[in-house]
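Data block below; observations after.
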Amino acid sequence: MSEMEYTIGAVIKEPGSTRRNKTGRWRVFRPVLDEDKCVGCARCFMFCPDGCVRPAEDAFKIDYEYCKGCGICAKVCPVDAIEMVLEEEME
Amino acid sequence: MTELGPDVRVINGNYAAAEAVRLVDVDVIAAYPITPQTPIVEYLSEFIANGELDAEFIHVESEHSAISAVVGASATGVRVFTATASQGLALMHEVLFIASGLRLPIVMAVANRALSAPINIWCDHSDTVAQRDTCWIQLYCESNQEILDTIIQAYRIAEHEDVLLPVMVCFDGFTLSHTLEPVAIPDEERVREFVGEFEPVHCRLDPEEPMTIGPVGGPDCYMEFKKMQHEAMERAREVIGEVNREFSDAFGRSYGDGLVEEYNTEDADYIVIAMGSVCGTVKHVIDEERPDVGLVRVKAYRPFPGDRIAEIIQDREGVVTIDRTHSYGAMPPLWTDVKAHAPDVEVSSTIAGLGGRDVRPEDVLRAIKVAEEGKGTDEPVWINVNV
Amino acid sequence: MSGRKPRLPIPKEELLAPGHRACAGCGSALCVRLCLKALGRNTIVVTSTGCIEVTTTPYPETAWEVPWIHVAFENAAAVASGVERALKALDREDVTVAVFSGDGGTVDIGFQALSGMAERGHNVVYICYDNEAYMNTGVQRSGATPPYAATTTTPAGKVWRGEMRPKKDMPRIMVDHGVPYVATACISHPQDLIKKVEKAKETDGPAYIHVLCPCPPGWGYDSSETVEIGELAVDTGMWVLYEVEDGEFRLTYRPRERKPVEEYLKRQKRFQHLTEEEIEEIQRMVDEQWEELERLERER
Ligand SMILES: Cc1ncc(C[n+]2csc(CCOP(=O)(O)OP(=O)(O)O)c2C)c(N)n1
Ligand code: SF4
Ligand code: SF4
Ligand code: SF4
Ligand SMILES: [Mg+2]
């Protein structure tokens, strides 16, 4: 990040700026979504505390820039379409 | 209230404070009653009840909530007011730092009162002086006219883009708050013109332009914000003086240079340094008995006009401070502040008028004697005390 | 599901940005994210000191897409009162004022300010995200910590068996203040939660929603289990979902068959020390509470 700017009263005028902080770095396990298995129930989307499951055109996509790998999405999926894979085991 | 012509009324200090708030046309008021400030809360309620003031009044359940509510309202972009004293101010302590840290232009009136224990409703300065490090501008008044004028000025000072700090307008409980004096009430339109419309400078809670106010500031930025507050406080000196001059142009009244008022100092051998209504007694003593004495009335305790005071007290026979509070285990605060700027000047320290103990002319004479005798330079001399 | 456009049971818009520092699997962050969906952009949020405040606003970053203010730990309700009145003065009463405050900031240190706000009838949606302890300072007990839960200030030992007092019934206290809309919720039931926040938003006057928010490190379970733990709280009757509209009580969810509390307790480290008798005692308390709720339902 560039040099810090000090605003009067420490007011932050850039909403949503935690996006600069890529929490994907925290991840140990990566949720991998199998679109073929997915039935589109949206439970993974509803329950991600970090808003990392995004409804896209024809599927749900996981935002690995921020996904912390908590595993909630895999746990709530009714058809086991999401698998938690150890990051090191990803190619 | 007695009518004395079209614009002079005989009113007490609390009414003068409430009247100033009405003239400025404040938007949101949150306050909790405490002696001797209570009548301010009542007068303002009456104004609103009668349609004389169009403001939201929040009947908060404590002073902690009073200051918290005005912080919230100020951050939403309106002009706010609160008032308190003593225990109430102490209860606000935590939030005072936050109000200045958020740089909100809040104005608060304080009717000075001693702190418990023992519980005591009468005047001294222990309540406000204990808040000196909260980064609030502190202005002390000597008359009811000055209360009204200073509250009007306080909005100009607090809202100035070079300042953006909250202001405490302090006046002695009972001695001023409950005592009738003739006060010239300025024209409402001209007051509104003088203070202008409130336009938030650095923050406003508004869904049109979302901002985050009051975040976490770690070791990488906290110190910068604190230094910025210090610099704003320094700039406030200039602004206080400027507003004092402009007020004088607009309404024909001024108070020294806005920070310090001198009385008979020019050729005086001795100088008394004091704050608040006790200064009236000092002036009386000078007029009646001691033309060789001058008074430095500290109107702005924060920012402290130390350099100016140091200049004034050079080359005198003696200098004495009268503190209406104490810093236990150290020298009293006013003395300490003066000495910090005038280390080479011998300054005597006295403590008087705690918990409403009268400060009579003979007590002022006693304080002057302490200076004459060169006492009180390493330990304060307590005036009119029985232990 | 290729080829089919996903249907969303809750609003899509995200008003809590990712990149915030809440722990992986944080139930409280999930709560805030869900509630914001119902509150919408035209909202000003007040937050008290605690996990949510700390993890979402490390200067110069903020996770908030809506205007947001934090002042202190105990005064969110008072700050919100000021914001609400300022909006009134500005003729901007279309804007929703919402509070997110932890259980500590609500049932303990912020109790007085909240009572004042409720009694004065400010038009504020007050949401207590209840993770059942002071999490930000490292899991100390609060008035909302449930009986027998071990925290760092109620450790389980020979003499102490964890928290030894009942959980403060804050929603009921709010009902007794005459708050027109009071509800409980849990992050495991997002649609129920969102519906309640929408109702709260429509309420003229104060509304209070108390949301159970499981906390992986504080309660002692794996981060993936947050929703499951919430479901178990509801299905065992340890946490009941209801609403009280203008004093009228209504269960909003009734487990088909109440599971034994043991299924909830045994999954969390904070209850690991419990004996059979202690578990039975908790079961009895839950059964009694449930009977009372059934009675309230019948009276309706
Ligand atoms: C007046 C005051 N006392 C104590 C603290 C320290 N403190 C900060 S957050 C916190 C606990 C917050 O608990 P809760 O409201 O439950 O929120 P959580 O952190 O669990 O999300 C405490 C004790 C403080 N900031 N201010
Ligand atoms: S693992 Fe956790 S953070 Fe990552 S997408 Fe799933 S629920 Fe979200
Ligand atoms: S929870 Fe599973 S089935 Fe449902 S949308 Fe997500 S991946 Fe698809
Ligand atoms: S300690 Fe608990 S409440 Fe706090 S951020 Fe972590 S998971 Fe959330
Ligand atoms: Mg908590």
Side-chain angles (χ1 to χ4, degrees), chain B residues 25-30 32 54-80 82 91-92 94-99 101-102 104 106 198 200 203-218 220-222 224-225, chain C residues 15 21 39-49 53-90 92 94-97 99 109-110 112-120 122 124:
Chain B
D25 196 19
V26 163
D27 302 303
V28 173
I29 299 163
Y32 192 82
D54 179 20
E56 293 293 325
F57 191 100
I58 311 179
H59 296 92
V60 281
E61 78 299 332
S62 72
E63 288 87 353
H64 196 285
S65 284
I67 185 69
S68 301
V70 296
V71 163
S74 180
T76 310
V78 300
R79 214 169 243 155
V80 300
T82 186
L91 189 56
M92 289 182 180
E94 178 199 27
V95 188
L96 297 182
F97 289 96
I98 302 170
L102 298 179
L104 297 171
I106 295 165
F198 178 55
C203 74
R204 166 187 246 158
L205 292 167
D206 184 354
E208 305 288 320
E209 198 191 332
M211 294 178 194
T212 284
I213 302 173
V216 179
D220 58 344
C221 61
Y222 183 87
E224 281 72 17
F225 294 120
Chain C
L15 295 173
R21 277 76 164 170
L39 291 165
R41 278 192 186 272
N42 199 26
T43 302
I44 293 173
V45 169
V46 182
T47 298
S48 62
T49 313
E53 166 260 334
V54 167
T55 58
T56 56
T57 64
Y59 188 90
E61 292 172 12
T62 177
W64 299 85
E65 301 280 6
V66 291
W68 180 91
I69 184 168
H70 155 253
V71 179
F73 185 19
E74 67 284 32
N75 63 357
V79 174
S81 302
V83 172
E84 182 245 18
R85 290 301 183 87
L87 288 169
K88 201 166 169 206
L90 292 167
R92 289 291 307 275
D94 57 301
V95 179
T96 302
V97 182
V99 172
I109 202 166
Q112 173 183 317
L114 174 56
S115 175
M117 186 203 95
E119 170 272 317
R120 292 189 300 269
H122 293 275
V124 173

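Nothing here was measured: the structure is a model prediction, and the numbers come from that model. So that the names make sense, note that chain A is the first sequence line, chain B the second, and so on, each numbered from 1.
Among B:S68, B:P215, B:G72, the residue with the largest count of heavy-atom pairs under 4.5 Å with chain C is B:S68. The candidate with the highest count of non-hydrogen atom pairs below 4.5 Å against chain C, out of B:V60, B:V71, B:V70, is B:V60. Most heavy-atom pairs under 4.5 Å with chain B: of the set C:P58, C:G116, C:G82, this distinction falls to C:G82. For the set B:A55, B:A73, B:S74, the count of heavy-atom pairs under 4.5 angstrom toward chain C peaks at B:A73. With chain B as partner, the option from C:A76, C:S115, C:A113 having the largest number of non-hydrogen pairs under 4.5 angstrom is C:A113. Each of B:I98, B:L102, B:L205 has some count of heavy-atom pairs under 4.5 Å with chain C, and the biggest count is that of B:L205.
Using a 4.5 Å cut-off between heavy atoms, B:A30 does not touch chain C at all. Of the atoms belonging to C:V66, it is backbone heavy atoms, and not side-chain ones, that fall under 4.5 Å from chain B. Only the side chain of B:V78 comes within less than 4.5 Å of a heavy atom in chain C; its backbone stays farther off. Residue C:E74 touches chain B through its side chain alone, counting heavy-atom pairs closer than 4.5 Å. In this structure, chain C has a heavy atom under 4.5 Å from the side chain of B:E208, while its backbone stays farther away. Looking at C:I44, the atoms closer than 4.5 Å to chain B (heavy atoms on both sides) all sit in the side chain, from C-beta outward. Looking at B:V95, only its side chain comes within 4.5 Å of chain C, counting heavy atoms on both sides.
Using a 4.5 Å heavy-atom threshold, the side chains of B:P207 and C:R92 count as touching. With contacts defined as side-chain heavy-atom distances shorter than 4.5 Å, the pair B:I213/C:H70 does not qualify. In this structure the side chain of B:E61 never reaches within 4.5 angstrom of the side chain of C:M117, judged on heavy atoms.
Distance CD1/C:I69 to OG1/B:T212: 10.0 Å, rounded to 0.5 Å. Here C:N75 contributes atom CG and B:M92 contributes atom CE; the two are 12.0 Å apart, rounded to the nearest 0.5 Å.
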Inset, instruction - Start with the C-alpha distance between B:I58 and C:H122, add both sets of side-chain angles, then the distance that settles side-chain contact (heavy atoms from CB on, under 4.5 Å), and finish with yes or no. - result: CA-CA 10 Å; B:I58 311 179; C:H122 293 275; 3.9 Å; yes
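No more than 12 heavy-atom neighbours from other residues, nucleotides or ligands sit within 6.0 angstrom of CG on B:D54.
For the pair C:R85 (side chain) and B:F57 (backbone), a donor-acceptor distance under 3.5 Å is present.
For the pair B:H59 and C:R120, the tightest heavy-atom approach, listed with the atom from each and the gap, is O-CD, 3.2 Å. In this structure, B:S65 and C:A78 approach most closely via the heavy-atom pair OG-CB, 3.4 Å.
Residues B:F225 and C:Y59 bring their aromatic ring centres within 6.0 Å.
At a cut-off of 3.5 Å, with distance as the only test, a side-chain donor of B:S62 or C:Q112 sits close to an acceptor on the other residue.
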